[in-house]
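Encoded as structure tokens, the structure appears first; notes follow it.
Values below: every heavy atom of this structure, side chains too, minus hydrogens, waters and symmetry copies. Each chain gets a letter, A, B and so on, in the order the sequences are listed, and its residues count up from 1.
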Number of protein chains: 2
Amino acid sequence: MNHGPDQTRIQDLLEKQGIQATTQRMLIAELLFARDQHLTAEQIIQTLAERGTDVSKATVYNTLNLFAAKGLVKPLQVDPERGLFDSNMRPHYHFHVEDTGELIDVPPGDLEFARLPPLPPGTESVAVDVVIRVRKQTS
Amino acid sequence: MNHGPDQTRIQDLLEKQGIQATTQRMLIAELLFARDQHLTAEQIIQTLAERGTDVSKATVYNTLNLFAAKGLVKPLQVDPERGLFDSNMRPHYHFHVEDTGELIDVPPGDLEFARLPPLPPGTESVAVDVVIRVRKQTS
DNA sequence: TTCCTTGCAAAACTTTTGCATTAAA
DNA sequence: TTTAATGCAAAAGTTTTGCAAGGAA
């Protein structure tokens with residue numbers, strides 16, 4: 001097996017989080033981190049199958065949950081039908097096109113808050129999620 | 001059956017949207033619109049059962065989807081486990097307490113944008129959803 | 001060898017659907 | 001009496017789990 005620069009970089013990424021870099025985890029990570037994107041578990045299963053590198057459903061879910069717990073991907077609850085995993089961990093926001101289900105990143109700096117509310121007592125902030133829901137313009 | 005002021009007001013609300021005010025729809029609407037709140041389908045089914053006014057699962061889901069289509073409630077995708085229906089249709093945002101799953105309204109005026117991004121070409125805005133994810137403070 | 005990961009099938013959930021029954025206009 | 005809503009059970013879809021087999025340290 002030829003270990004190109006991508007494989008090495010991704011292997012380091014996993015091991016830096018204490019994640020054992022198994023074959024299946026590498027395949028999933030290579031797919032996810034090829035670029036900033038939002039993927040469903042099903043899309044990952046299917047894409048890997050098309051490449052002839054099948055990974056089982058259970059392992060894909062296990063791996064995505066592990067990556068999420070280690071801060072490598074961010075689970076998104078945007079589409080009511082299914083969960084998405086975002087490979088872009090930099091703070092950013094989303095457009096959701098209701099007609100198509102498409103999810104688009106808001107360009108960095110294009111959204112800013114003038115004021116954020118005080119947090120409920122005894123809590124600390126984890127993240128601020130913004131989804132701008134849009135639809136295709138009517139005529 | 002004693003039709004108090006609540007029943008009459010809610011019946012008007014439904015009929016104003018062209019919704020036939022059946023017994024089951026009235027029960028669900030009375031529960032939802034008693035106050036601003038976020039309820040799961042299961043909570044509605046269970047609460048009505050405890051009151052001795054059972055409504056079937058299918059009817060609860062049908063009714064919630066109908067109310068949502070008519071703009072009486074807003075479906076929320078915040079909790080990964082299940083969908084929520086918000087009886088507060090005024091524009092507002094949410095805190096989500098990750099440890100407990102609790103959803104809290106952000107007081108009106110406590111959150112403002114300094115800048116919103118241009119929308120993707122050919123789309124129009126439907127809504128802007130903000131969820132501030134928080135967790136119970138450590139130590 | 002010992003521990004961890006994988007894969008399969010089945011389970012667990014939430015939400016939807018088909019269709020016969022019942023209620024509303 | 002005609003149309004629309006309800007309820008049940010089953011189906012559909014996503015995600016999780018139990019456990020035996022396989023792979024990594």
Side-chain angles (χ1 to χ4, degrees), chain A residues 1 3 7 10-11 14-15 17-31 38-49 52-70 72-86 101 103, chain B residues 1 3 7 10-12 14-15 17-31 38-49 52-70 72-85 101 103:
Chain A
M1 169 84 75
H3 278 237
Q7 276 89 343
I10 288 173
Q11 185 172 341
L14 298 191
E15 287 172 352
Q17 306 298 328
I19 298 172
Q20 194 174 306
T22 64
T23 306
Q24 291 82 352
R25 287 168 181 173
M26 286 294 291
L27 289 169
I28 294 167
E30 282 165 30
L31 173 51
H38 329 97
L39 294 175
T40 65
E42 199 53 48
Q43 284 175 322
I44 292 171
I45 292 166
Q46 204 179 317
T47 302
L48 293 177
T53 54
D54 301 56
V55 176
S56 75
K57 187 186 298 193
T59 297
V60 168
Y61 276 103
N62 284 343
T63 300
L64 288 169
N65 289 337
L66 177 64
F67 285 4
K70 297 294 188 177
L72 295 178
V73 298
K74 182 176 164 64
L76 301 178
Q77 327 297 331
V78 176
D79 193 316
E81 314 304 324
R82 79 206 107 257
L84 288 170
F85 293 85
D86 194 338
L103 197 64
Chain B
M1 172 82 75
H3 279 238
Q7 277 87 343
I10 288 173
Q11 184 170 344
D12 288 354
L14 298 191
E15 287 172 352
Q17 306 298 328
I19 298 173
Q20 195 174 304
T22 65
T23 305
Q24 290 82 351
R25 286 170 180 172
M26 287 294 290
L27 289 169
I28 295 167
E30 282 166 29
L31 173 52
H38 329 96
L39 294 175
T40 65
E42 200 52 50
Q43 284 175 322
I44 291 171
I45 292 165
Q46 205 178 315
T47 302
L48 293 177
T53 54
D54 301 56
V55 176
S56 76
K57 187 186 297 192
T59 297
V60 168
Y61 277 102
N62 283 343
T63 300
L64 288 170
N65 289 336
L66 177 63
F67 285 4
K70 297 295 188 175
L72 295 178
V73 297
K74 182 175 165 62
L76 300 178
Q77 328 296 332
V78 176
D79 193 317
E81 315 304 323
R82 78 207 109 259
L84 287 171
F85 293 85
L103 198 64

Problem - Range on DNA chain D touched by chain B, heavy atoms, distance below 4.0 Å - result: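 It runs D:dA4 to D:dC8.
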
Whole angstrom is fine here: how far is it from [atom1] in [X] over to [atom2] in [N]?
X     : N      : atom1 : atom2 : result
B:L64 : C:dT15 : CG    : C1'   : 11 Å
B:L27 : C:dA23 : CG    : C1'   : 14 Å
A:M26 : C:dT5  : CE    : P     : 15 Å
B:I44 : C:dT15 : CD1   : C1'   : 14 Å
B:N65 : C:dT15 : CG    : P     : 9 Å
A:R82 : C:dC13 : CZ    : C1'   : 17 Å

Original post:
What pair of heavy atoms forms the shortest contact from A:Q17 to A:L72, and how long is it?
Top reply: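 For A:Q17 versus A:L72, the nearest heavy atoms are CG-CD2, 3.9 Å.
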
So, does [X] get its side chain near the phosphate of [N], meaning an N or O under 4.0 Å from OP1 or OP2?
X     : N      : answer
B:Y61 : C:dT15 : yes
B:T23 : C:dA24 : yes
A:Q24 : C:dG7  : yes

So [Y] and [X], do their side chains get closer than 4.5 Å, heavy atoms only?
X     : Y      : value
B:D79 : B:L103 : no
B:L31 : B:L39  : yes
A:E15 : A:Q11  : yes

May I ask you to say what A:E42 touches in the nucleic acid, namely base, sugar-phosphate or nothing, with a heavy-atom cut-off under 4.0 Å?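 The residue A:E42 makes no contact with any strand.
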
| request: Would you give the length of the straight line joining atom CE of B:M26 to atom OG1 of B:T23, rounded to the nearest 0.5 angstrom? | output: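 Reported value, rounded in 0.5 Å steps: 9.0 Å.
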
Options C:dT5, C:dC8, C:dA24, nucleotide nearest the side-chain atoms of B:Q20: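 Nearest listed nucleotide: C:dA24.
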
Between A:V60 and A:K57, which has a closest nucleotide on DNA chain C that is more 5'?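 Its nearest nucleotide lies further toward 5', so the answer is A:V60.
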
Kindly write out the residues that satisfy side-chain contact (heavy atoms from CB on, under 4.5 Å) with A:T22, not counting sequence neighbours, or none if the list is empty.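 A:Q20, A:Q24, A:R25.
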
Ignoring hydrogens and angles, write down the donor-acceptor pairs under 3.5 Å from the side chains of residues 59-69 of chain B, residues two or more places apart or on other chains.
unit_1: B:T59; atom_1: OG1; unit_2: B:S56; atom_2: OG; d: 3.1
unit_1: B:N62; atom_1: ND2; unit_2: B:A58; atom_2: O; d: 3.3
unit_1: B:T63; atom_1: OG1; unit_2: B:T59; atom_2: O; d: 2.7
unit_1: B:N65; atom_1: ND2; unit_2: B:Y61; atom_2: O; d: 3.3

